[in-house]
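Notes to accompany the following structure.
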Amino acid sequence: MKIGLYYAMPGEIESLLTAQNAQPLQTVAGVSFYQIRPDVIACTGGVSKVNAAMATQLLISLYQPDLVLNAGVAGCFENVPIGTLILAEDFIQHDVDTTGVGDPLGLVSTVNRITFPTSDLGRARAAMDKTGYPYRVGRVATGDWFAIESDRARKIYADFAPLACEMEGCAVAQVCLRNEVPFMAIKSVSDCIMEHHDFNFNFPEAMRDLNTVVMAFVDALEE
C-alpha cells in the first residue's frame, strides 16, 4: 500500500525528515514532495483550501497513492488539552454559502454534497487503537479563516457541530473524492477556539506526538 501524507506547513513534516530524506524528491509549483520511506510519500502544500487542493491533486497525479492521509494541527471547539488527537469522521466547508440561490448552507457544488466522510472509519479507528494513544473521533470544519472566539465561530458550531476547525482538510477530502482515492485525517489540537481570555496557540505541543502517531497509524493500516 502506498500512502500519501498531506501537510500544510513545513513545521508539521519536520520531525519526519532525516539526513536521508530531507531533500525533496521534487518541488512542483511550490509543493515539495519527500520520500519518507518506500511506501510513504509526503508533501507540504501550504495553508488554505486552494493550496491544499492543488497539492493534493499533484500528490495523486504524480505518485498515485492508494490512500491520502491529512495530518496537522487544528483548533478545537471544546476545552481539551493541547495535543489531544482527533481522528476525523467527516469534514464540512464552513465558508461555502450559496443559500442565496436556495442551496443548503455548506453545499459544495459539482460534487453536490455538504459532508465529506473519511474512508472506512472502522478500519481507521482500529489502526488508531493499535497506536496506543488516546484520541477523539469527530467532525472537522474547514475554511479560509483562522478560527478564534467570536460570533463567527459560534455560528460555525451552531450550523455544523464540528469538534475541530482548520484550513485544509475538506479541500483534501474533496480532491480525493473526485479522484476516487480513499482519504483519512488525523489532527492534533493546537488551541481551544472558545477560550477568549486564555487563548493559546501552542504549535510545538500540538506536534509533540503527532508524527509518531501518524507513522504508527500507517504501520497499523498496513498490517
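Environment of CZ in Arg152: crowded, with over 12 heavy atoms of neighbouring residues, nucleotides or ligands closer than 6.0 Å. Within 6.0 Å of CD in Gln26 there are more than 12 heavy atoms belonging to other residues, nucleotides or ligands.
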Please lay out, stage by stage, how Thr142 and Glu166 fare under the test side chain to side chain donor-acceptor pair (under 3.5 Å). CA-CA 5 Å; Thr142 298; Glu166 43 81 272; 2.5 Å; yes

Candidate pair Thr115 and Asp90, rule side chain to side chain donor-acceptor pair (under 3.5 Å), full reasoning: CA-CA 6 Å; Thr115 59; Asp90 66 7; 4.8 Å; no

When you look at Arg178 and Thr110, which way does the side chain to side chain contact (heavy atoms under 4.5 Å, CB included) test go after all the steps? CA-CA 10 Å; Arg178 294 189 67 174; Thr110 307; 3.6 Å; yes

Could you walk me through whether Gln174 and Arg113 satisfy the side chain to side chain contact (heavy atoms under 4.5 Å, CB included) test, starting with their C-alpha distance in whole Å, then the side-chain angles of each, then the deciding distance to 0.1 Å, before giving a yes or no? CA-CA 10 Å; Gln174 183 175 337; Arg113 62 189 308 138; over 6 Å; no

Run Glu14 and Asn211 through side chain to side chain donor-acceptor pair (under 3.5 Å) and show every step you take. CA-CA 9 Å; Glu14 194 172 65; Asn211 281 331; over 6 Å; no

Let me see the working for Lys2 and Gln64 under side chain to side chain donor-acceptor pair (under 3.5 Å), right down to the final yes or no. CA-CA 8 Å; Lys2 183 186 291 185; Gln64 297 86 48; 5.1 Å; no

Dump the intermediate steps for side chain to side chain contact (heavy atoms under 4.5 Å, CB included) on Leu210 and Ile186, then the final yes or no. CA-CA 8 Å; Leu210 179 59; Ile186 301 171; 3.9 Å; yes

Begin from the C-alpha positions of Val68 and Val172 and carry the test side chain to side chain contact (heavy atoms under 4.5 Å, CB included) through to its verdict. CA-CA 8 Å; Val68 170; Val172 180; 3.8 Å; yes

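From Phe183, atom CZ reaches atom CZ of Phe91 across 4.5 Å, with rounding to the nearest 0.5 Å. Interatomic distance, CG of Asp151 versus CD1 of Ile156, reported as 11.0 Å (0.5 Å rounding). One distance of note links CG of Leu62 with CG of Leu59; it measures 8.0 Å at 0.5 Å rounding. Note that CD of Gln93 and CG of Leu107 are 10.5 Å apart. Values are rounded to the nearest 0.5 Å. The SG atom of Cys192 sits 5.0 Å away from atom CG of Asn79, with the distance rounded to the nearest 0.5 Å. Of the inter-residue distances, the one linking Arg37 atom CZ with Leu16 atom CG reads 10.0 Å to the nearest 0.5 angstrom.
By the rule that hydrophobic residues join a cluster once side-chain heavy atoms approach within less than 4.5 Å of another member, Tyr135 and Met215 end up as members of one cluster. In terms of hydrophobic clustering, with Ile, Leu, Val, Met, Phe, Trp and Tyr side chains grouped at heavy-atom distances under 4.5 Å, Met194 and Ile82 are assigned to different clusters. Under the 4.5 Å side-chain heavy-atom criterion for Ile, Leu, Val, Met, Phe, Trp and Tyr, Met54 and Val181 are members of the same hydrophobic cluster. No continuous path of hydrophobic side-chain contacts links Ile60 to Leu221 [ILVMFWY only; heavy atoms under 4.5 Å]. Val140 and Ile193 fall into different hydrophobic clusters, where Ile, Leu, Val, Met, Phe, Trp and Tyr are joined by side-chain heavy atoms under 4.5 Å apart, directly or via other members.
Summarising the geometry of Val214 relative to Ala71, their closest heavy-atom pair is CG2-CB, 3.7 Å, with the distance given to 0.1 Å. In this structure, Ala206 and Ser188 approach most closely via the heavy-atom pair O-OG, 2.5 Å. Taking all atoms of both residues into account, the shortest heavy-atom contact from Leu17 to Ala22 is CB-CA, 4.3 Å. Closest approach of Thr56 and Cys176 over heavy atoms only: CG2-SG, 4.1 Å. Ala185 and Thr118 get closest at one heavy-atom pair: N-CG2, 4.4 Å. Nearest approach of Glu205 to Asn202, heavy atoms of both residues: N-OD1, 3.0 Å.
You'll find the side chain of Arg136 reaches within 4.5 Å of the side chain of Leu163, heavy atoms only. Two residues are said to be in side-chain contact when any heavy atoms from C-beta on lie closer than 4.5 Å; Phe217 and Leu69 meet this criterion. Val73 places a side-chain heavy atom less than 4.5 Å from the side chain of Glu12. Counting heavy atoms from C-beta outward, Ile41 and Leu5 have side chains that stay 4.5 Å or more apart. Side chains of Glu149 and Arg154 form a contact here, defined as non-hydrogen atoms less than 4.5 Å apart. At least one side-chain heavy atom of Leu85 sits under 4.5 Å from a side-chain heavy atom of Val213. The shortest distance between side-chain heavy atoms of Asp209 and Tyr133 falls below 4.5 Å. Here the side chains of Gln23 and Tyr34 are not in contact, with every heavy-atom distance at 4.5 Å or above.
The backbone N or O of Val80 sits nowhere less than 3.5 Å from a side-chain atom of Thr84 that would complete a donor-acceptor pair. Distance alone, capped at 3.5 Å, places no donor-acceptor pair between the Ser119 side chain and the Pro182 backbone. Within the 3.5 Å criterion, the main-chain N or O of Ser48 finds no donor-acceptor partner in the side chain of Asn51. Of the possible donor and acceptor atoms, one in the side chain of Thr131 sits under 3.5 Å from a partner among the backbone N and O of Met128. Panel note: side chain Asp144, backbone Asp95; no donor-acceptor pair is recorded below 3.5 Å. For the pair Ser150 (side chain) and Ala153 (backbone), a donor-acceptor distance under 3.5 Å is present.
Between His94 and Trp145, the two ring planes are perpendicular [angle over 60°; tilted spans 30° to 60°]. Classified by interplanar angle (parallel below 30°, tilted 30° to 60°, perpendicular above 60°), the ring pair Phe201/Phe146 is perpendicular.
Under the 6.0 Å cut-off for aromatic ring centres, Tyr157 and Phe77 qualify, their centroids lying closer than that.
Ion pairing of Arg139 with Glu89 is absent here, as no side-chain N (NZ or NE/NH1/NH2) approaches a carboxylate O to less than 4.0 Å. Note on Lys130 versus Asp219: no salt bridge recorded, every NZ/NE/NH1/NH2 to OD/OE distance being 4.0 Å or above.
Partner Phe33 forms a ring-ring contact (aromatic ring centres under 6.0 Å, His included) with one of Tyr7, Tyr63, Tyr6 and no other, that one being Tyr63.
Side-chain contact, Ser32 with Thr44: no donor N or O sits under 3.5 Å from an acceptor N or O.
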